Each structure stands twice: as C-alpha cells, then as structure tokens.
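Notes to accompany the following structure.
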Amino acid sequence: TSGFGDISNKTFPETFKFGAATAAYQVEGAWNEDGKGESIWDKFVHEDPTRVKDQLNGDVACDSYHKWQEDIELLKELGVKLYRFSISWPRILPNGTPNKINQAGIDYYRKVINGLKEAGIEPLVTLYHWDLPVHLLDLGGWLNEDIADYFGDYARIVFKNFGDDVKLWATINEPKTTCMNGYGGGSMAPGLQLLADGVYKCAKVQLLAHAKAYHIYQEEFAATQKGKVSIVIDATYNEPASDSAEDIAAAETETEFNLGWYANPIYLGDWPEVMKAQIYNRSLQEGYSFSRLPAFTPEQVAYVNGTFDFFGLNMYTSLIAASADYPIGEPSYYSDKGTATTHGVDWTASEADWLYSYPAGMRKLLNIVWNKYNPGSIYVTENGWATNDTLADQSRIDYLQGYLSNLLDAILEDGVNVVGYTTWSLMDNFEWAQGYTQKFGIIQVDFDSPNRTRTLRESARWYQNLVSTRCLVDECVDS
Ligand code: GBH
C-alpha cells in the first residue's frame, strides 16, 4: 500500500478539538529576563554556537514572552479551541528547586492562561519540553533519580498556581528524544554521548519523574481541579521491509524500542519483554555483568503503571524496518535493537531529513496505540511538516490533509477515540539543533525583523477552513 488513498469526505465529530502547539524554549525568548534561571538549552547554545546548524539560538526566538497577546490573536484567527504550550521550569524556579519561586514567571503564564480563557481556547500545558534548570544538570540531570523528586516539587507548584484553569496536562514531552539526543548522540542539550548506557538510565528517571507528578496530581489536586494528566510520547509507525519472518519481527521490535520503551511502563507495567531480553543478552556478550537496561523494582513498576488519563501522541513519520546484524563489542541502543530502518521510496521528503510523508502510518499507528494500550482517549499532541520559508506551502497542506484524513478514518471507521489534535506548529520557531533553517509553522515568523512579524501561510488559511467546516475536501457528508 502506498498510503496515498482518497481523502475522507466525512466531517470531523462536533466534539473534536482542533488546535496548535508550541514549546517554551522554541518561542518565548527572554532567556534571562525578569528572574528566569538558566536552562540547559541556554547553556548548550551559548557555550558552543556551532552546536546549532545556523549558529543561532533561542535568546529571542519568536519573542512570545512579549508577544503572547499577538499569539492569542492568531489562535483566534485560526479558530482553534485548543492551544498546547509548555512552561519553562527555570522561569518558575530559577534553580529548579522549590525554595525560590520567580513571581514574574508565575505572572507571565497567568496572563497567557487568562488570555486564552477570555478567547475561549483551552490550554494543554506541558511541564517539561526539554529546558531543564542548569542547577539540576549539575546534580546529574536525567541520570540522577533524585531529579524525579525535584520534578514533583515543580509540578506541585505549577498545579497549585494554574490548575484551576488548566485541565489538560502533559508532564514530559518526548522523553525518547531528550534521552536519545541529549544523553545518547549528543546533538541536543546537555550534549552527552552515552548511547549505550546513558539513554536507558535517562528513560528510567524520566518515567519516574512523570509518575511522581502524576501521583502528586491525583493525591493533592484531582479531587478539586478535576483535570487530566499524561505524558507525550513520540512514535513512528514501522512497516516490515519484506514478508520474511525476520523483517516482520524487526518491525515489531522497532515499535517496542520506540513506542513501547515509554508506553509499556506507563500503560502495561515494566519495559517491553524484547527490550529486557535483547539488552540483557547483548550486555553479557559485551562483557557487562548486568544488563545496561536498569530494572524497575516491583515497587517502581507498580508506581509507574497506570499513570495516565489519556494518551499524548506525537506522530510525524513512519519507518521501514529490516533485521540487521551489529558486531558484538559496540554497545548502543541501535545494536541492542538489531534493526535497520529507512523510508519508503515513494514517500515525499520534507526539509527535515528524518521526516517523510506516509499518511497511512497515522491510521495504523493510532490503531496500535488504541488496541495495545487502552488509553481511553488520545490527543495527537504534535504532527507537522518542515518546509523552507515560503508562504505558498502546498506540501504542508498535502501532508496535513493526508494525515488528518487517516486520523479521521481511525475515528470513524476503526472506533479509535482521538479527541484532539494540536498541529506542530502554530508558528516557525527555534528548531533545536537545526536552528531556524527548518520551518514547521503554519504561520511564518520573520526572524530578521525585531518585530518577529507573523504572517499566515497558505496552510494556515487551509487549516482555518478545516477548523470552521470540519471538512477536509470541498464538500463533506455528515459523519
Ligand atoms: C518534535 O519531535 C519536538 O517535540 C518539537 O519540539 C520539534 O520542534 C518538532 O518535533 C519538529 O522537529 O535527527 O535523525 O536523529 C519530533 C520527533 C524525534 C524528530 C527525534 C527528530 C531526531 C531524528 N523527533 N528526531 S535524527
């Protein structure tokens, strides 16, 4: 199947919530204003600008710290009813620790949340989208299990201050990306290259931190605030490269090392069996006396299991997986996984080298998440396309139309309860190690102008029409 099927002519359900997403470090700027502490991204980009493709940084970014009212006006213009943004931990707690709260930080998010409320736009707030306070990195960052407790204290302060108005919370955005790129390959802050050992420890600590925040919410806030808390997991749909038993198994293993790595502990309890077995075996073969995948104690399994009120899914792309041999003696996540991945030859390429369009993957992955994890409901918390700076971004429209059509089919044809969607991104922003070279916004931002002028792209007009008609084609029939 090529996955480029007909676009659905049915309408999205009335209750379906369309929205857009951003993250603090990528849009806010004001990196050292009004008492904000230093984050690991501030440090990472200032220490060595060559870590970022265009040697730029998020010091100003979209200047949303000052232009938040304009951002809300844009959300209103799009007509969306859901806005996913993140809170900067060091803007609230400059050192990451609860002893010193930065009132200006609280005031900033209070204004944003009030503004959204007045506009009738629901906030979906991420507590951690990668900007760890530097002080906590000095304590070991996501390799130190104590950081889970600090995260709990931070979460409590945020719930207490904003929980009357925020009913949808995501604890951590894409733990896999921060662990793989921040602690594995080193392309993201804090830039550690610990691909064999660090990535698994990082995963465990982030899962414990998520669970800590979830339990604090349940015990101290849920009864009065009545909100929902979950984590955001990024995943690909993985197609076997051939009909061979090896490749079919490779695609399943790929999914377990990708989606299951984080979803299994939370939705089923403990790491996927295939990860436990393969990492243990490789570790012993490579001379370790123990598995480099740190085990959860039975108490930790129980503590993490069930810590969700919905599934937050970031879905951009798919992979074709084949089984592959890696020589013993080169310990890494990839050799533990034992697969090789590529993209389909007929999948459209984006400006980002990892992002190819395979619309059918959306429907297939949603079905996997729904059937395997029984999450009750799913929010697609990110999905989007990278282009150059052009306003005439037909390739983004094609991508969104194909993916959203498959998302709609999952709802209407397969009974998957997808209740909301926040496209990535509301506007162009600081794309981490890619700087400003890749544009993900449905709204263009002029980073050369001190005004950071925002201009709707053609895709934003298209999205605006979708949101108002709930229809992906010229004319729809009722669903
Ligand atoms: C999201 O991650 C992030 O949540 C968001 O902040 C970001 O702006 C957006 O994507 C667009 O990139 O370079 O080959 O090692 C999406 C999932 C996982 C995609 C890590 C890039 C690195 C691939 N990301 N992946 S590679």
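Worth saying up front: this structure is predicted, and the values here are computed from it rather than measured. Order of appearance sets the numbers: ligands from 1, and atoms from 1 within every ligand.
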Measuring from the heavy atoms of M180, does anything fall under 4.0 Å of ligand 1?
no
Ring-face cation of R91 near Y65 (centre distance under 6.0 Å, axis angle within 45°)
yes
Salt bridge or not between E122 and K17? Use side-chain N to carboxylate O under 4.0 Å.
yes
What about Q26: any of its N or O atoms under 3.5 Å from an N or O on ligand 1?
yes
Measure centre to centre between the rings of Y183 and W142, then say whether the value is under 6.0 Å.
no
Within 4.0 Å of atom 26 (S) of ligand 1 (strictly less), any protein heavy atom?
no
Would one find an N or O of E174, backbone or side chain, under 3.5 Å from an N or O of ligand 1?
yes
Among non-hydrogen protein atoms, atom 13 (O) of ligand 1 lies closest to W354 CD1, 4.3 Å
Can you find an N/O atom of E382 closer than 3.5 Å to an N/O atom of ligand 1?
yes
Would Y150 and Y154 count as a close aromatic pair, with their ring centres under 6.0 Å?
no
For F440, the ligand 1 atoms whose distance to one of its heavy atoms is below 4.0 Å
11 (C), 12 (O)
Exercise: do Y217 and K228 side chains pair donor with acceptor under 3.5 Å:
no
Mark up the atoms of ligand 1 that fall under 4.0 Å of a heavy atom belonging to H129, in ascending order.
4 (O), 5 (C), 6 (O)
Going by distance alone, is a donor N or O of one side chain under 3.5 Å from an acceptor N or O of the other, for Y237 and E239?
yes
Among protein heavy atoms, which sits nearest to atom 10 (O) of ligand 1, and what does the distance come to when rounded to 0.1 Å?
Y316 OH, 3.3 Å
Is the backbone N or O of T307 less than 3.5 Å from a side-chain atom of H210, with the two atoms forming a donor-acceptor pair by type?
yes
Salt bridge check: are K204 and E145 linked by an N-O gap of less than 4.0 Å?
yes
How far is atom 22 (C) of ligand 1 from its nearest protein heavy atom, and which residue and atom is that?
N181 ND2, 4.2 Å
Part of N173 with heavy atoms under 4.0 Å of ligand 1, whether side chain, backbone, both or neither
side chain
Distance check, rounded to the nearest 0.5 Å: D389 atom CG versus T437 atom OG1?
11.5 Å
Identity and separation of the nearest protein heavy atom to atom 18 (C) of ligand 1
T177 OG1, 3.3 Å
Do any N/O atoms on W432 end up under 3.5 angstrom from N/O atoms on ligand 1?
yes
Polar contacts were defined as any N/O atom of the residue lying under 3.5 Å from an N/O atom of the ligand; does this apply to E431 and ligand 1?
yes
